[in-house]
Amino acid sequence: MSSATRSGSTRKVALVGVALSDCGRVDEATPYALHAQAARRALADSGLARDVIDGIASAGLGTLAPVEVAEYLGLRPRWVDSTSVGGATWEVMAAHAADAIAAGHANAVLLVYGSTARADIKARRRTSNLSFGARGPLQFEVPYGHSLIAKYAMAARRHMHEYGTTLEQLASVAVQARTNAATNPDAMFRDPITVDEVLDGPMIADPFTKLHCCIRSDGGCAVLLVAEDYVADCASEPVWVLGAGEHVSHTTMSEWDDFTVSPATVSGRLAFERAGVTPGEIDVAEIYDAFTYMTLVTLEDLGFCEKGEGGPFVEKGRLLRDGGLPTNTDGGGLSAQHPGMRGLFLLVEAVRQLRGQAGAGQVRRADGTLPELAVASGTGGWFCSSGTVVLGR
């Protein structure tokens, strides 16, 4: 497939460098070190010199992110983005970076993330928290004690009530993610699980048992986006940004009009329209999956099935690497890694799949060729925000 421009773009934009830092159980590294490790590896993957980077996007670390990260990496960027909207952050940042590069405000933008969320808990450097804060609109919900997990659980229960979605269907999302993780050497958990094992696990927030919820890991990753002018000098095949969209919905549950509709219904529509493709043309989907319900409802809202049909859609093995819509092909946040704001990992995996660099986890089309189109869709907060990016070879 030839490269394409986003609506209104003057320069085409490509992802040319992607990499993970060490992931899983990383007890000795700092978050800054994981940022640097991922950035070095992504730059090496691109084949470009460090001095081409004139933009950086980062969130979640330091008092003045991304200023502190840029200094640590030895960069002096002339374009920065610190947008922080939870798990959707990186798809939104990718959209902003693509716009900036297309308009000539930057030439090469590095998106970089790293977190020691798991190691910090183990070392008691941090503790779990019930809420993100108690100021502003959130002050009206915090006294009732429902955690982030509980908010997702409430939404899942509403979908079950409205559409007859079953616990077994939700559990099948976790089972398929684990199956996909089995061939990923970077995945933290690779042993197979069954629907019964998901259902019989310890209850976290009804209806979510432990395996309905993402893992907690350490790790980081980086993605380098560049203007088309730089592609000829790159070491790897470019993956083009075809279209992107973003949307925010609510922060308080009382302002969420419908618990069964996520903001991906807007960000996805915008991304597909701007890319000039339809959901039916997508070969690979990388979906934010902090909980099984996130995968199911996001697939609905991106248009892969009708509203309310997510349960039957996911239960027939469609999400497997050799299924009808290979989804979270690395194992996702449910099995591979989830150090916090996982959205950047979605872009890394999508690029690797389109390049044919996913090893034993590589997706092939029915005719044996490599996938040509992928979508990465991140979700933040408790379905508060969404960013969707369509990529193509």
Return yes if some donor-acceptor pair links the side-chain N/O of [X] with the main-chain N/O of [Y] below 3.5 Å, else return no.
X	Y	result
R321	N180	yes
Y113	M341	yes
T89	G86	yes
Q139	G136	yes
R78	D54	no
E68	L61	no
W90	G378	no
T327	L325	yes

Are [X] and [Y] within salt-bridge range, i.e. N to O under 4.0 Å?
X	Y	answer
D218	R25	no
D45	R352	no
R342	D330	yes

Which side chain to side chain donor-acceptor pair (under 3.5 Å) pairs, counting each pair once, include a residue from residues 357-371, with sequence neighbours left out? D283-R365, Q353-Q362, R355-Q357, D367-T369

Could you list the residues that satisfy side chain to side chain contact (heavy atoms under 4.5 Å, CB included) with V67, not counting sequence neighbours? L64

With a 6.0 Å cut-off (strictly less than), is the heavy-atom count around CZ of R135, excluding the residue itself, greater than 12? no

Please determine whether the number of non-hydrogen atoms from other residues, nucleotides or ligands lying under 6.0 Å from atom CG of D27 exceeds 12. yes

Output side-chain donor-acceptor pairs under 3.5 Å for residues 263-272, partner residues at least two apart or in another chain, one line each.
{"residue": "S267", "atom": "OG", "partner": "S386", "partner atom": "OG", "Å": "2.7"}
{"residue": "S267", "atom": "OG", "partner": "T388", "partner atom": "OG1", "Å": "2.8"}

Between D196 and T194, is any side-chain donor less than 3.5 angstrom from a side-chain acceptor? no

